[in-house]
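Written out below as structure tokens is the structure these notes cover.
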Amino acid sequence: MSTPRKELPAFYDAHAAAALYYPQWESSGAFKADPNAKGEPYCIVIPPPNVTGNLHMGHALNNTLQDVLIRYKRMDGYNVLWLPGTDHAGIATQWVVERQLRAKGIERRDMGREKFLECVWEWKEQSGGNIVRQLRRLGVSCDWSRERFTMDEGLSKAVRENFVRLYEEGLIYRATRLINWDPIGLTAISDLEVETEENVQGEIWSFAYVLSEPHGDTTEIVVATTRPETMLGDTAIAVHPDDPRYKHLIGKTVKHPFVDRLIPIIGDAILVDPAFGSGAVKVTPAHDFNDHEVGVRHNLPMISIFTPDAKVNGEGGAYVGLDRFAARKKIKQDLTDLGLFRGRQDHTMTLPKSQRSGAVVEPMISTQWFMKMKPLATPAVGAVEHGFTTFWPDAWKNTYFSWLRDVKDWCISRQLWWGHRIPAWHCADCGHVNVGRTDPTECSACGGTRLNQDDDVLDTWFSSALWPFSTLGWPERTPDLARYYPTAVLLTGFDIIFFWVARMMFMGLHHMGQVPFKDVYIHGLVRDENGDKMSKTKGNVVDPVETIDRVGVDAFRMTLTALAGLGRDLLWSEKQVDSWSRFQNKIWNAYKFLHMHVSEQPAVPAALGPYDRWILARLGSCVRNVRAALDGYRFDMVASEIYAFTWYELCDWYLEFSKPALYGEDGPVKDAAKHTLWTVFHALSRLIHPIMPFFSEELWRNLPGHDQPGSTSGTVMTAAYPKDGDFAEEPEVLTAIATLQEAIVAVRRIRSEKNLSPKVGLVAANAGTLTGLFAGQASALRDLANVTVVTGPRPEQAAVVVVAGHELWINLDGVLDTGKERERLTKEIEKLNKSISFLEGRLSNEAFVSKAPPHLLEKSRGELQGEKDKRLSLEAALKALA
RNA sequence: GGGCGGAUAGCUCAGUCGGAAGAGCAGUGCCCUUACAAGGCACGGGUCGCAGGUUCGAGCCCUGUUCCGCCCACCA
């Protein structure tokens, strides 16, 4: 009795499934890791999103891929921990709150540090749950019980410990040097936070410095600059020491036109290229990195001429108070009025800008905290060179190396309020700096009690650098840390290889003695369908939450996974989403077919039919390929393997093959088909679970037998992932069915070419060569191609189909167009001729025969024979038409 | 200036060990067939950027080169 027993809705309800299953999973404790449980550890720490941020496509991709791996490994019996959390995102968050306050007419400096921080915490509390809620919508299976925040108590402790240790080791130090200053953010920034704007139209502006005393005919020296205003801070003119034009002037001085200062002319072979411009360079050691080095080499005075917000300071004489760009204008005018202007030319240049504020970065002399990089970077390079950590794709290691190999010391202090405050106390009595794990009450040098904590906070990335072990409990020696460090893999984007990956590497190696992760998977950028970066100004931003609302989270995740090729950006398009939604629907419909025929878990049958064995073998092959793809981070191939199996093998073929059995009355055959169908879905729902968690759960829970009261099948989330050995390989069955399929397609093609409706039953004659398995499947030819095979002679008017050496003469009495048929056969024969001459050429090539591998030789010979036989059949058919 | 990646069907991309080029989407023809028209069946479509080389054999390996994208550094 095969009456439908279960009414499934026509369409899968993604939203209902998500709403139902996520809370169940979470409350069941299935996301939770247990360091004492069995299994090889598999840990991923999430790249923590900005705590006050919103989910964008980058997050969606990043977290979907992590969840795919985590769910796969969890099902595969690993002891899995996916540790979630958020980042305080120093500058970014402070800015948002500052802007909010400013809208209310409040400046943070007016309200004071403490009050302001209260506002930031309030904003964090208010908006902080948002990103986490959105991640849950994505279906991520993180261990939320271990959720961390970079400024929570434990992580703050880790940050402090790290600072103190490195300070004690001499790897963190305080120094006064030229740093990148953001005049809008009013803070120092690191080299990495400086972005260069390309192709800025500027000018090179030349003017003369007048010599204090004429030297022969020479009364002046001409310099050129893109920043005339910095001349207020000039403390030297540099020329090449071998330049005959200027050699004799070295040691002389020029008089500054605006401030009371004599400026020496010096020789410097490193800075000066005599062939460039006038061959003389003004030197501003306090506002230019190259000039600063000259200043150090020649022990020049370093005169800062700007206030923190980049206005001319007291060193600037008449220009004091002017913004640097206004000062530039006025100085050009005044130099011109003095008759010192010596020409200008257009100049395309790059402009250094602050990543966060967009301000033109001003190099400034400033006292800051630094981390010494060389001793930390060297082991981090070595760890990747020696393969302790592998980049996927491998090429990214070059990027990593190139930065670490000549990285400069890291400026870690920021003049902000939101962040980890530097654990250093300055003694007002003796000036000693006290750094320690606990807040000091007296100065360790002089015993004085007038201690002031350093005002600065640490660069956000300082705490991020500790993330893979601070989240596991470091500096405590926790069970989590012992069990889950080093983590298995880090998934992230290429844009933070320097900011984050490299820094986690050297901090992990330094404190833990081991790399923080064995693999680093670098995914691409999600772009729009034209390949353009998504941006608010372009208006091409896709909101993941909106898309999830529309198509369901499973199809959304499937699309992301399918697009995630190794080392390529993802071009997001509605077409892709539609395509994968349709795929989901296809599975759903096949699943409905299962439910039409199967109402409870079928018993294992005594024997399986050839189609059953075939689809199970194909499933086994799919499982192998999917596993290989997952293990190699080929997410795109995971998706395409599942797609190809489900659509082209299960739906296109097996479901059709199984219909005669399922609709028929042969008990054992029917039972075998039911069992097979059930088995395939039993595996398929597990196979797709990492990508489509809710959909697969819906399939799993409603699997006949699983949906019955008292079923202990549980959740698919913790069911075993299908294994290589689960299914027999069945090489003979695969060959036989491939031949059968070939025959079916060949007959269908004839039908299509002759424009014969599928309803018209055909008769094909075979001379009696059909033997073995293929012969047994003649019924499939009837069912799938509506052709009946009879043993008998060739009919008068017939089209021939040759498969695996068997001739099938399809009787086309009355519908055969001899002309067209002749044309078809001629074309086919031409193709065969080409193929035959190719194979003959190859096989008559002495070099090929002697050097090619034997299996290829054998294959070529077999193919040649097959093609020749086929040609004979077709030629006979052509002759018969005449 | 240094480095990395890419170039394969109209579009977006796969292509494993070097062994006669694949998918999705788009296109064409036929079909509402008892899971599915969000579907089925069939078909057409490629000088693998270019030029050399190695090899019996190259989309794949080597050399050179063009174009596109990105990163780093520098720019008086």
Side-chain angles (χ1 to χ4, degrees), chain A residues 8 10-11 191 196 202 204-206 222-227 237-238 271-273 276-284 288-291 347-350 393 395-399 401-403 406 494-495 497-498 525 529-531 562-563 565 567-571 573 575-576 578-597 625 628 632 634 636-637 639-640 643-644 648 651-652 655-656 659 662-663 744-745 748-753 755-759 784-786 834-835 838-839 842 845-853 855-857 859-860 863:
Chain A
L8 286 176
F11 296 96
D191 295 348
T196 45
I204 296 184
W205 206 84
S206 300
V222 176
V223 294
T225 178
T226 55
R227 299 193 57 195
I237 311 288
L271 179 74
V272 182
D273 171 6
F276 192 96
S278 69
V281 187
K282 62 187 277 304
V283 179
T284 320
D288 181 282
F289 285 93
N290 284 316
D291 290 4
H347 179 63
T348 306
M349 54 185 206
T350 56
W396 286 112
K397 74 180 179 199
N398 298 317
T399 304
F401 286 147
S402 68
W403 185 69
D406 59 10
F494 61 85
D495 50 328
I497 289 178
F498 305 148
L525 199 67
E529 59 191 319
N530 302 315
L563 290 174
R568 285 200 101 104
D569 286 343
L570 294 79
L571 272 54
S573 71
K575 275 183 183 171
Q576 289 290 337
D578 283 352
S579 167
W580 290 101
S581 295
R582 283 202 301 274
F583 174 60
Q584 176 181 272
N585 188 241
K586 185 76 177 177
I587 301 179
W588 185 252
N589 282 314
Y591 187 65
K592 286 196 296 193
F593 179 78
L594 164 78
H595 277 271
M596 285 177 61
H597 297 284
N625 294 341
R634 288 300 306 266
D636 55 333
M637 284 175 66
S640 58
Y643 185 97
Y648 303 134
C651 293
D652 284 355
L655 260 41
E656 300 305 324
K659 279 178 186 175
L662 292 169
Y663 286 107
I744 289 168
V745 169
R748 283 173 178 169
R749 186 182 305 133
I750 297 283
R751 190 187 282 285
S752 180
E753 278 166 7
N755 227 330
L756 296 168
S757 160
K759 285 175 182 158
L784 274 70
N786 198 8
K834 256 186 170 169
S835 169
F838 169 82
L839 289 165
R842 172 186 257 186
N845 181 345
E846 191 110 355
F848 175 80
V849 175
S850 60
K851 289 180 183 173
H855 76 268
L856 187 63
L857 211 56
K859 191 181 148 207
S860 300
E863 274 174 17

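Lettering follows sequence order; numbering is per chain, from 1. Only a predicted model underlies this, so the values are computations on that prediction, with no experimental measurement involved.
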| How long is the line joining NZ of A/Lys592 and C1' of B/U34, in whole Å? | 13 Å
| remark: Atom NZ of A/Lys575 and atom P of B/A23 are separated, to the nearest Å, by 18 Å
| request: Without swapping roles, check the side chain of A/Arg748 against the backbone of A/Leu784 for a donor-acceptor pair under 3.5 Å. | output: yes
| message | Applying a 4.0 Å non-hydrogen cut-off, can you work out what A/Leu756 is touching in the nucleic acid: base, sugar-phosphate, or nothing? | response | nothing
| Between B/C71, B/U33, B/G5, which one does the side chain of A/Pro758 approach most closely? | B/U33
| remark: Between CH2 of A/Trp588 and P of B/G39 the distance, given in whole Å, is 17 Å
| task | For A/Ser579, answer base if it contacts any base atom (sugar-phosphate contacts may also be present), sugar-phosphate if it contacts only those atoms, and nothing otherwise; contact means non-hydrogen atoms under 4.0 Å. | result | sugar-phosphate
| message | What I'd like to find out is whether the side chain of A/Leu563 reaches to under 4.5 Å of the side chain of A/Leu571, using heavy atoms alone. | response | no
| message | Counting the atoms with a prime plus P, OP1 and OP2 as sugar-phosphate, which does A/Tyr591 contact under 4.0 Å by heavy atoms, base, sugar-phosphate, or nothing? | response | nothing
| query | To the nearest angstrom, how far is A/Gln584 atom CD from B/A38 atom C1'? | reply | 11 Å
| message | Under 4.0 Å, counting only non-hydrogen atoms across every strand here, what does A/Ser402 touch: a base, just sugar-phosphate, or nothing? | response | nothing
| request: Mind listing the closest non-hydrogen atom pair of A/Val272 and A/Gly279 along with its distance? | output: CG1-O, 3.4 Å
| said: What contact category does A/Asp291 fall into here, base, sugar-phosphate, or nothing, at under 4.0 angstrom with non-hydrogen atoms? | reply: nothing
| field | Listed partners of A/Asp578 passing salt bridge (charged side-chain N to carboxylate O under 4.0 Å, His left out), at least two apart | value | none
| Whole-angstrom distance between B/C13 and B/G1, as gauged at atom P | 29 Å
| request: Could you list the residues that satisfy salt bridge (charged side-chain N to carboxylate O under 4.0 Å, His left out) with A/Lys659, not counting sequence neighbours? | output: A/Glu656
| What is the distance from CH2 of A/Trp396 to C1' of B/G5, rounded to the nearest Å? | 8 Å
| query | In terms of the angle between their ring planes, are A/Phe494 and A/Trp396 parallel, tilted or perpendicular, with boundaries placed at 30° and 60°? | reply | parallel
| said: Rounded to whole Å, please give me the gap between CZ in A/Arg751 and C1' in B/A42. | reply: 12 Å
| message | For A/Asp636, give me all partners under salt bridge (charged side-chain N to carboxylate O under 4.0 Å, His left out), at least two apart in sequence or on another chain. | response | A/Arg634
| Using atom C1' of each nucleotide, how far apart are B/C67 and B/G40 to the nearest Å? | 43 Å
| message | Holding to ring pair (Phe, Tyr, Trp, His ring centres under 6.0 Å), I want the full list of residues that pass it with A/Trp588, two or more places apart in sequence or in another chain. | response | A/Tyr12, A/Tyr591
| Atom CG of A/Asn755 and atom P of B/C31: how far apart are they, to the nearest Å? | 7 Å
| A/Ser860: partners by side-chain hydrogen bond (donor to acceptor under 3.5 Å, both in side chains), with sequence neighbours left out | A/Arg842
| field | Side-chain heavy-atom pair A/Asp291, A/Leu271 within 4.5 angstrom cut-off | value | yes
| message | Distance check, C1' atoms only: B/U8 and B/G22, in whole angstrom units. | response | 10 Å
| message | With side-chain contact (heavy atoms from CB on, under 4.5 Å) as the criterion, how do A/Phe593 and A/His597 come out once you've worked through the C-alpha distance, each side chain's angles and the decisive distance to 0.1 Å? | response | CA-CA 7 Å; A/Phe593 179 78; A/His597 297 284; 3.4 Å; yes
| What is the nucleic acid contact for A/Ile204, judged by heavy atoms within less than 4.0 Å: base, sugar-phosphate only, or nothing? | sugar-phosphate
| Do the side chain of A/Lys586 and the base of B/C36 come within less than 3.5 angstrom through a donor-acceptor pair of N or O atoms? | yes
| Expressed as a whole number of Å, how far does the C1' atom of B/A23 sit from that of B/A14? | 7 Å
Polar atom pairs (N or O), protein with nucleotides 43-49 of chain B, under 3.5 Å:
residue, atom, partner, partner atom, Å
B/C43, OP1, A/Arg749, NE, 2.5
B/C43, OP1, A/Arg749, NH2, 3.0

| task | Using a heavy-atom cut-off of under 4.0 Å over every strand shown, decide if A/Ala224 touches base, sugar-phosphate, or nothing. | result | sugar-phosphate
| said: Rounding to an integer number of angstrom, what distance separates B/A58 and B/C48 when you compare their P atoms? | reply: 12 Å
| field | Nucleotide B/C72, atom P - distance to CG of A/Asp406 in whole Å | value | 13 Å
| A/Ala852 versus A/Leu856, closest heavy-atom pair with distance | CB-CD2, 4.4 Å
Atom pairs, N/O to N/O, protein against nucleotides 55-59 of chain B, distance under 3.5 Å?
residue, atom, partner, partner atom, Å
B/C56, OP1, A/Lys851, NZ, 2.0
B/C56, O2', A/Asn845, ND2, 2.9

| request: Applying salt bridge (charged side-chain N to carboxylate O under 4.0 Å, His left out), name anything that partners A/Arg751, two or more places apart in sequence or on another chain. | output: none
| Separation of the C1' atoms in B/G2 and B/G19, to the nearest angstrom | 39 Å
| Spacing of the C1' atoms in B/C4 and B/A73 (rounded, Å) | 15 Å
| request: List the steps, then state whether side-chain hydrogen bond (donor to acceptor under 3.5 Å, both in side chains) holds for A/Lys592 with A/Asn589. | output: CA-CA 5 Å; A/Lys592 286 196 296 193; A/Asn589 282 314; 3.1 Å; yes
| field | Below 4.0 Å: OP1/OP2 of B/C25 and any side-chain N or O of A/Arg582 | value | yes
| request: Could I get the full list of side-chain hydrogen bond (donor to acceptor under 3.5 Å, both in side chains) partners for A/Ser835, not counting sequence neighbours? | output: A/Glu867
| field | Under the 3.5 Å Watson-Crick or G-U criterion, the dot-bracket string of RNA chain B, with | for inter-strand pairs | value | (((((((..((((.....[..)))).(((((.......))))).....(((((..]....))))))))))))....
| Going by 5.5 Å between centroids and 30° between planes, is there a stack of A/Tyr643 over B/A23? | no
| query | Could a donor-acceptor pair under 3.5 angstrom be found where the side chain of A/Ser835 meets the base of B/A20? | reply | yes
| request: Could you check if a side-chain atom of A/Val222 sits within less than 4.5 angstrom of a side-chain atom of A/Ser206, using non-hydrogen atoms only? | output: yes
| query | In terms of side-chain heavy atoms of A/Asn589, which of B/C36, B/G5, B/U33 is nearest? | reply | B/C36
| request: Give the B/S/- string for nucleotides 6-18 of chain B, one per nucleotide from 5' to 3', where a protein heavy atom under 4.0 Å of the base yields B, of only the sugar-phosphate yields S, and otherwise -. | output: S-----SSSS---
| task | With C1' as the reference atom in both, quote the distance from B/A9 to B/G24 in angstrom, rounded to an integer. | result | 12 Å
| query | Got a sec, which residues hit ring pair (Phe, Tyr, Trp, His ring centres under 6.0 Å) with A/Phe498, two or more places apart in sequence or on another chain? | reply | A/Trp403
